[in-house]
Amino acid sequence: EPILSLQGIAKTYNKGRPNAVTVLDGADLTLHPGEIVALVAPSGAGKSTLLHIAGLLDSADTGSVHLGGQDMTRLGDRRRTEARRAEVGFVYQAHHLLPEFTALENVTLPQLANGVSARAAQARARELLASVGLEARGDHRPSALSGGEQQRVAFCRALANGPRLLLADEPTGNLDPATSDTVFNALMGLVRDTGLAALIATHNLDLAARMDRQVRLEAGRLV
Ligand code: ADP
Ligand code: ADP
């Protein structure tokens with residue numbers, strides 16, 4: 001069974017106004033467990049819009065969104081937020097870690113918010129950080145970490161609550177090529193370990209080529 005299924009997704013901003021922009025126009029996408037898919041398109045083509053619709057942050061004008069086998073298309077706001085917190089992890093170009101907290105705390109906190117005990121949350125956070133080579137960095141605040149380390153912590157945080165879907169928007173966009181590679185390898189390892197599905201928007205064609213599959217956003221459709 002697919003983790004994510006998008007069917008016939010259409011989205012127009014400023015609909016009915018002179019400045020209307022149709023960004024998505026019949027986009028279809030299916031992601032299976034364990035699959036890492038690159039989303040490749042020029043800037044402004046609608047990658048962020050698609051990621052936000054897939055991640056239940058925004059809704060489409062038409063089309064359907066199924067996540068974990070459940071139809072999310074017409075859920076109310078509260079149920080959508082619950083589903084998003086349970087099923088989806090996000091990573092952005094900037095790490096958005098909390099600056100006052102250590103790496104370990106940044107990965108622990110979302111679990112506490114989700115009702116996990118402090119002991120279990122810390123154990124999982126340590127395990128996640130170790131799996132991306134950061135076992136010795138747990139006590140550092142984000143400002144004391146390199147860009148690549150910050151981004152690896154951001155991946156751990158996104159996966160802290162065990163989502164089935166990981167959505168990443170240019171996760172290596174701020175990093176030099178060697179660091180991008182390290183961060184990408186860490187991401188691949190995490191995804192392979194957990195069996196989740198990942199959709200990763202990137203301009204980096206070398207990284208895109210190493211993923212399981214590439215989809216390109218062209219004229220509002222995925223090919
Ligand atoms: P990408 O992530 O590929 O750069 P986006 O999804 O951010 O593309 O944006 C696609 C297009 O939609 C752009 O032309 C952008 O200006 C427009 N757009 C995005 N968000 C909004 C919004 N909230 N209101 C109006 N236009 C928007
Ligand atoms: P929290 O439990 O902190 O309230 P949310 O449910 O608000 O988390 O958000 C879940 C995920 O969605 C987080 O990874 C957050 O970064 C992302 N997110 C929330 N709101 C937005 C938004 N408006 N734009 C982009 N990402 C968002």
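Being a predicted model, the structure only gives us computed values, none of them experimental. Counting convention: from 1, in listed order, for ligands and their atoms alike.
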Enquirer: Regarding Tyr13 and Thr49, do their side chains bring together a donor and an acceptor under 3.5 Å, going by distance alone?
Expert: yes
Enquirer: Do Lys47 and Asp169 sit within salt-bridge range, that is, some charged N less than 4.0 Å from a carboxylate O?
Expert: no
Enquirer: Looking at Arg84 and Asp58, is there a salt bridge between them, counting it only when a charged N and a carboxylate O are closer than 4.0 Å?
Expert: no
Enquirer: Considering only NZ, NE, NH1 and NH2 on the basic side and carboxylate oxygens on the acidic side, decide whether Glu35 and Arg213 come within less than 4.0 Å.
Expert: yes
Enquirer: Salt bridge or not between Asp28 and Arg221? Use side-chain N to carboxylate O under 4.0 Å.
Expert: no
Enquirer: Write down, by chain and number, every protein residue that brings a non-hydrogen atom to less than 4.0 Å from an atom of ligand 1.
Expert: Tyr13, Asn14, Val23, Pro42, Ser43, Gly44, Ala45, Gly46, Lys47, Ser48, Thr49
Enquirer: For Phe101, what are the other residues in its hydrophobic cluster, where any two members join if their side-chain heavy atoms are less than 4.5 angstrom apart?
Expert: Leu98, Leu109, Leu112
